[in-house]
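Worksheet: the structure to be examined is printed underneath.
Order of the sequence lines fixes the chain letters, A, B, ..., with proteins taken first and strands second; residue numbering starts at 1 for each chain.
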Amino acid sequence: MSKPETRVRIAPSPTGDPHVGTAYQALYNYAFARTRGGKFILRIEDTDQARSSPESERAILSSLRWLGLEWDEGPDIGGPHGPYRQSERTAIYREHAARLLESGHAYRCYCTKEELEQMRIEQREKKLPALFDEVCRNRSLDESSRRAEAGDAYVIRMKVPRDGVCVIKDLLHGEIRKDWASIDDQIIIKSDGFPTYHLANVVDDHLMGITHVIRGEEWINSVPKHLKLYEDLGWEAPVFCHLPLLRNADKNKSKLSKRKNPTSIEYYRRAGFLPQALLNFLGMLGWSMPGDEEKFTLDQMLEHFRLEDINLGGPVFDVKKLRWLNGRYIREDHDAPALREELFKWALGPEMVEKIIPLAQPRLETLADWGFLTAFFFADAVPCQAEELKLKGHDAGEVAEVFQFAIWQLERQRDFRSEAIELLFKELAEALELKVRVLLGPFYVALSGKAASTPLYQSMEILGSDMVRMRLRRAIELLGGLSSKKLKALEKRYEDLFGGTR
RNA sequence: GGCCCCAUAGUCUAGCGGUCAGGACGUCGGCCUCUCACGCCGAAAUCCCGGGUUCAAUUCCCGGUGGGGUCACCA
């Protein structure tokens, strides 16, 4: 009997910028599949209706493709196990949830958020580990169905064993034991009818024939739930393998986060990093090429890659070393024509220059003025004096807060055309009770390094969302940064001013 | 805080019972040179701590400490 084909997947959630952590997981999944002659599948986990967006999905696909990680099946190219977008598979999940309901492995829960909150507080006081609602859990299916028909809102929860130990087998970690009592009756279908990650993930992995689940360590604690779901559905579970999480370069090496490090692949692209270099760099975090050479191509990596060789310590994403590696690619792998081509692809091409010309022209007295006027479009960090980041009547800390508001606004701004940005700043000015022209002052400095520059909104459009936010974040740091305490208060104020969740 | 995972220089790593603990980034010094960068040479810097096991532990086991993750109608 031949072994079944190896099938792995990367399953990003399109809720924001394409994250380097996603690329990291993708690389190792890809390498594992390729070294075993298997398939690498891309699946979009967009079951969070509120946060998912098509723009984010597009950005993720384009970023992964830019890196050279081609998938064999995915939402854009299809495949034999489609659709590959979870929002298009809701009927499948509902059907499986119904099966679990009927077999008694799941139940409808009619508790409100407030009731659960109250229950949680009491349980914490009593030092009970997990959250269970006995009433809902023990209600008969008949009665629960009657209430559902009467129109009562509910979610569906899985029934998790109350005692015993769950043994997780992990390819890298070996056996991990976890008490069932520490695991709660996870919601598998939300009140909007959409599944949560846990259900959708298990159903899809099974239906798509996934043999190995290679993903971030953050998932280890929920493996028991997944194992139970496989069992209840009568399926064989795939092999699990949890990889370390990328870390910030801060004191504690916390999980890589955009507050402390650029995390968007788009940022690295815009900042002039080459895809080969970024991929190579990710490949040397956690894994190392035999021998002394640290520069290697994807193909070279494939020749030596073994999943078992991955180092379990969470690696710090050290941009300094990435810069060094990138420099080697520029110097060693490009002759002048090739480098010219890279530069054109990056920002010196006609497309970019044509966008800048109308902004620059009114401000040019000589052609040579072009250089200093437009330099900031072709840069990563911009030289910027803290003293220049001034806002009339506000101190440095307050300017930093304004920048932070703008970052949050821009984060949820999917349409990054200048008109949309203009609207956004008008809103911001109004909320802060400032004149727009006054508000904009420090933004010119943060983004271009100078108080006088090309028009802000259009310049921002050209710089792109990721670069703009990065420069604003740098400006905040320059102003002394925002403490997490301050940030928390700020967040609250932001919600009061602009409403909604970020 | 409960539970889970992890632990070689500041950082990424090699090592898989006996090594002067190897390489790379970064740092410092020197050479090259019209400057800088590149390149080259060199230096400082590491096995978290404490118990075992063993003739011998960085390596195996246990405990501690430290760090991370997770405890959502987010993934």
Next on the checklist: Please tell me whether A/T297 and A/Q276 have a donor and an acceptor in their side chains that are separated by less than 3.5 angstrom.
Outcome noted: no
Item to check | Inter-nucleotide C1' distance (B/rC60, B/rC71), Å rounded | outcome: 33 Å
Checklist entry - When we call it a touch if two heavy atoms are under 4.0 Å apart, what does A/S288 touch: a base, just sugar-phosphate, or nothing? => result sugar-phosphate
Checklist outcome for this item: A/N311 has its side chain closest, among B/rG23, B/rU13, B/rG67, to B/rU13
Next on the checklist: When you compare the side chains of A/Y329 and A/D333, does any donor N or O come within less than 3.5 Å of an acceptor on the partner?
Outcome noted: no
Next on the checklist: Let's see if you can work this out: which of B/rG68, B/rC5, B/rC25 has an atom nearest to the side-chain heavy atoms of A/D318?
Outcome noted: B/rC25
Checklist entry - Where the side chain of A/R247 is defined as all heavy atoms beyond and including C-beta, which of B/rG68, B/rA75, B/rC4 is the nearest nucleotide? => result B/rG68
Next on the checklist: Looking at B/rG39, which nucleotide sits across from it as a Watson-Crick or G-U wobble partner, both distances under 3.5 angstrom, or is there none?
Outcome noted: B/rC31
Checklist entry - Roughly how far apart, to the nearest Å, are B/rC61 and B/rA43 at atom C1'? => result 39 Å
Checklist entry - A/E73 and A/Y84: side-chain donor and acceptor closer than 3.5 Å? => result yes
Checklist outcome for this item: Quick note, A/R51 side chain, CB onward, closest among B/rC25, B/rC74, B/rC12 is B/rC74
Checklist entry - How is A/G286 classified with respect to the nucleic acid when contacts are heavy atoms under 4.0 Å: base, sugar-phosphate, or nothing? => result sugar-phosphate
Item to check | Distance-only donor-acceptor test (3.5 Å): side chain A/S182, base B/rC3 | outcome: no
Checklist entry - Between B/rG68, B/rC12, B/rG26, which nucleotide gets closest to the side-chain atoms of A/K320? => result B/rG26
Next on the checklist: Heavy atoms only, 4.0 Å cut-off, all strands: where does A/T47 land among base, sugar-phosphate and nothing?
Outcome noted: sugar-phosphate
Item to check | Rounded interatomic separation in angstrom, taking CH2 from A/W324 and C1' from B/rC25 | outcome: 7 Å
Item to check | Interatomic distance at P, B/rG22 relative to B/rA9, whole Å | outcome: 14 Å
Next on the checklist: Let's test your reading of the model: under 3.5 Å, does the base of B/rG68 pair with the side chain of A/E217 as donor and acceptor?
Outcome noted: no
Checklist entry - Is the backbone of A/G21 close enough, under 3.5 Å, to the side chain of A/H19 for a donor and an acceptor to pair up by distance? => result yes
Next on the checklist: Is there, by distance only and without an angle test, a donor paired with an acceptor across the side chain of A/K321 and the base of B/rA24 below 3.5 Å?
Outcome noted: yes
Item to check | Nearest-angstrom distance from the residue atom CH2 of A/W180 to C1' of B/rC71 | outcome: 16 Å
Item to check | Base-pairing assignment for B/rA7 (Watson-Crick or G-U wobble, both under 3.5 Å) | outcome: B/rU65
Next on the checklist: On RNA chain B, compare the nucleotides closest to A/W287 and A/I176; which residue's is nearer the 5' end?
Outcome noted: A/I176
Item to check | Minimum-distance nucleotide (side-chain atoms of A/V316 versus B/rC12, B/rC4, B/rC73) | outcome: B/rC12
Checklist entry - Would you say A/K190 reaches B/rA72's phosphate, i.e. side-chain N/O to OP1/OP2 under 4.0 Å? => result no
Checklist entry - With both distances under 3.5 angstrom, what nucleotide forms a Watson-Crick or G-U wobble pair with B/rU53? => result none
Next on the checklist: Is it the case that the side chains of A/H173 and A/H242 hold a donor-acceptor pair, with the cut-off being a distance below 3.5 Å and no angle test?
Outcome noted: no
Next on the checklist: Of the options B/rU70, B/rC6, B/rG68, whose atoms approach the side-chain atoms of A/H173 most closely?
Outcome noted: B/rC6
Checklist entry - Between atom CD1 in A/I168 and atom C1' in B/rC5, what is the gap in whole Å? => result 10 Å
Item to check | Rounded P spacing from B/rG52 to B/rA57 in Å | outcome: 11 Å
Next on the checklist: In this structure, how many angstroms lie between the C1' atom of B/rG15 and the CG atom of A/L312, rounded?
Outcome noted: 15 Å
Checklist entry - A/L322 has an atom CG; how far is it from atom P of B/rC12, in whole Å? => result 14 Å
Checklist entry - How far, in whole Å, is B/rU59 from B/rC48 if one measures between their C1' atoms? => result 15 Å
Item to check | Nucleotide nearest A/T196 (side chain, heavy atoms from C-beta), chosen from B/rU70, B/rA14, B/rA75 | outcome: B/rA75
Item to check | Interatomic distance, A/K178 NZ vs B/rC5 P [rounded to whole Å] | outcome: 9 Å
Checklist entry - Taking atom P in both B/rG29 and B/rG68, what distance in whole Å separates the two? => result 34 Å
Checklist entry - Are side-chain N/O atoms of A/Q49 and A/D192 paired as donor and acceptor at under 3.5 Å? => result no
Checklist entry - Looking only at atom C1', what distance separates B/rC32 and B/rC38, rounded to whole Å? => result 11 Å
Next on the checklist: Closest approach to the side chain of A/N252, judged atom by atom: which nucleotide of B/rG67, B/rG69, B/rU13 is it?
Outcome noted: B/rG67
Next on the checklist: Taking pairing as Watson-Crick or G-U wobble with both contacts under 3.5 Å, can you name the mate of B/rC20, or confirm there isn't one?
Outcome noted: none
Checklist entry - For RNA chain B, whose closest nucleotide is more 5', that of A/E45 or that of A/E175? => result A/E175
Checklist entry - When rounded to the nearest Å, what value does the distance between P atoms of B/rA21 and B/rC47 take? => result 12 Å
Checklist entry - Name the one of A/F281, A/F305, A/W287 that satisfies ring-ring contact (aromatic ring centres under 6.0 Å, His included) with A/F296? => result A/W287
Checklist entry - Taking only side-chain nitrogens and oxygens of A/R328, does any of them come within less than 4.0 Å of OP1 or OP2 of B/rA24? => result no
Checklist outcome for this item: B/rC74 -> Watson-Crick or G-U wobble partner, both distances under 3.5 Å, gives none
Checklist entry - If you check the A/E294 side chain, which of B/rA24, B/rU70, B/rC74 turns out closest? => result B/rA24
Next on the checklist: Side chains of A/D466 and A/Y268: any donor to acceptor distance under 3.5 Å?
Outcome noted: no
Next on the checklist: Taking the cut-offs as 6.0 angstrom to the six-membered ring centre and 45 degrees off its axis, would you call A/R147 and A/Y110 a cation-pi pair?
Outcome noted: yes
Item to check | Integer-rounded Å distance: B/rA37 P and A/R323 CZ | outcome: 14 Å
Item to check | Rounded distance in Å - CG (A/L245) to C1' (B/rG68) | outcome: 8 Å
Checklist entry - Does A/K251 make a side-chain N or O approach to OP1 or OP2 of B/rG66 shorter than 4.0 Å? => result no
